[in-house]
Protein chains: 2
Amino acid sequence: MAVTQRRFDPERRDRIISAALDVIAEAGVAGASHRKIAARADVPLGSMTYHFTGMDEVLREAFTRFAATIAVRFEARMAQATTFDEARAAVVDLIHEDLTGSARELVLTQELYTLAAREPVYRKITHAWMKQSRDALVRHFDPATCRMLDALIEGLSLHAALDTEEHHRAATAEAVARITTPAATHH
Amino acid sequence: MAVTQRRFDPERRDRIISAALDVIAEAGVAGASHRKIAARADVPLGSMTYHFTGMDEVLREAFTRFAATIAVRFEARMAQATTFDEARAAVVDLIHEDLTGSARELVLTQELYTLAAREPVYRKITHAWMKQSRDALVRHFDPATCRMLDALIEGLSLHAALDTEEHHRAATAEAVARITTPAATHH
DNA sequence: AGCCGTTGTGTACGATCGTACGCATGACCG
DNA sequence: CGGTCATGCGTACGATCGTACACAACGGCT
């Protein structure tokens with residue numbers, strides 16, 4: 001019956017990972033089960049244990065892909081900028097366009113951080129993500145500033161996403177301007 | 001005989017909430033169950049449904065208490081400062097002493113944020129927390145700066161906690177100095 | 001063409017979950 | 001001092017979970 005196409009289906013594994021991200025976005029890591037993910041990916045339950053050693057492996061691969069996706073967009077956004085001012089503007093765009101809009105991405109990011117807070121394995125993923133972000137920034141700013149700016153982006157995005165009142169671009173731009181301006185040395 | 005004191009035992013409810021925080025810190029919201037929490041609090045399973053309508057209520061009260069605890073410490077730290085420079089130093093201390101050290105608090109914070117990212121009910125808790133933090137800052141900085149500084153604190157704490165390499169106080173101090181120094185106006 | 005081994009699937013089991021509900025227990029009042 | 005009723009507990013049930021394992025389905029080799 002033209003049905004199964006069982007051997008050599010590399011797409012199956014990918015579909016499971018995508019489905020896992022969907023399920024996690026909707027129900028959280030807490031609510032993600034082999035059964036739900038299998039149903040969402042339209043694969044039999046047995047496929048889960050066949051393709052993955054356990055839920056941990058699914059989560060690790062899912063979040064690795066997720067982090068890579070976001071990081072690539074981050075890099076693309078920063079690569080467009082050529083001048084210092086454009087770089088600053090790009091950061092503001094990044095916070096307001098990319099990192100704030102989607103509830104799905106906010107949720108997935110937080111789920112990942114929660115895992116990373118508890119288990120070092122997931123921290124590798126966040127660490128790679130952070131490094132990739134800083135590498136995208138270092139073309140425009142000095143290394144020390146990159147760290148501060150990266151942290152500021154993180155905080156502003158999170159607060160903008162969780163806060164009820166709207167955050168204005170002007171305020172973000174001001175914050176970015178400040179953090180990228182060396183303070184007068186004093187002692 | 002002063003023993004069981006079944007009626008009017010307000011301590012029981014509190015113990016359950018404390019136990020819930022312990023369990024969540026260890027096993028995450030995902031791994032927290034009525035049974036585990038009851039066992040940890042040394043109360044019968046039936047007490048869970050008796051004192052709370054469901055897990056949601058337990059989580060809400062637990063995280064409300066947690067957020068209040070952290071916020072109070074935040075306020076205490078900031079209240080010690082009298083001058084502008086002391087306030088800046090207090091912020092640096094806050095990041096390095098209070099917010100980075102404990103794995104338990106990192107985990108609980110992230111678990112809360114994850115819930116807040118998905119459900120508005122929990123966002124009320126984070127919102128109140130953020131407001132309380134900003135109120136503690138506003139004695140020393142202007143409102144706009146408070147928002148930026150609050151976001152910076154969030155980002156720096158998170159990155160310091162998740163990053164493998166050590167973050168130095170000097171870098172934090174520099175970031176705080178920058179964010180609390182108005183940028184030269186330009187247009 | 002027909003066997004064979006790899007690849008993938010269906011199912012059944014034991015554990016654990018939240019919740020409902022009947023009953024013990026002790027406080028309070030007459 | 002004893003009856004009554006709100007308070008709190010033990011237990012049992014149905015649902016859902018991850019996983020093991022027997023077996024179906026096919027490509028390749030002779």
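Throughout, a chain's letter reflects where its sequence line sits, starting with A, and its residues are numbered from 1.
- Remark: A/E165 engages B/R147 in a salt bridge, criterion side-chain N to carboxylate O under 4.0 Å.
- With rounding to the nearest 0.5 angstrom, the CG atom of B/L94 is 11.5 Å from the OG1 atom of B/T172.
- Between B/I16 atom CD1 and C/dG18 atom P there is a gap of 13 Å when expressed in whole angstrom units.
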Pairs: protein N or O with nucleotides 14-17 of chain C N or O, under 3.5 Å:
residue : atom : partner : partner atom : Å
C/dC17  : OP1  : B/S33   : OG           : 3.3

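- Salt-bridge check for A/E97 with A/R169: passed, with a basic side-chain N closer than 4.0 Å to an acidic carboxylate O.
- One can place NE2 of A/H51 at 16 Å from P of D/dT19, the figure rounded to the nearest angstrom.
- A close approach under 4.0 Å does not occur between any side-chain nitrogen or oxygen of B/S47 and OP1 or OP2 of D/dG8.
- Among D/dC9, C/dG8, D/dT7, the nucleotide with an atom closest to any side-chain atom of A/Y50 is C/dG8.
- Summarising the geometry, the separation between CZ on B/R12 and C1' on C/dG26 is reported as 14 Å, rounded to the nearest angstrom.
- Distance B/F52 CZ to C/dT19 P: 13 Å, rounded to the nearest Å.
- Judged purely by distance below 3.5 Å, without hydrogens or angles, the side chains of A/Y113 and B/E111 never pair a donor atom with an acceptor atom.
- Under the 3.5 Å distance criterion, with hydrogens and angles disregarded, a donor-acceptor pair is assigned to the side chains of A/R88 and A/T180.
- No side-chain N or O of B/R40 forms a donor-acceptor pair with one of B/S18 less than 3.5 Å apart.
- In this structure, CZ of B/R13 is placed 11 Å from P of D/dG8, rounded to the nearest angstrom.
- Computed from coordinates, the A/L45 CG to D/dC23 P distance equals 19 Å when rounded to whole Å.
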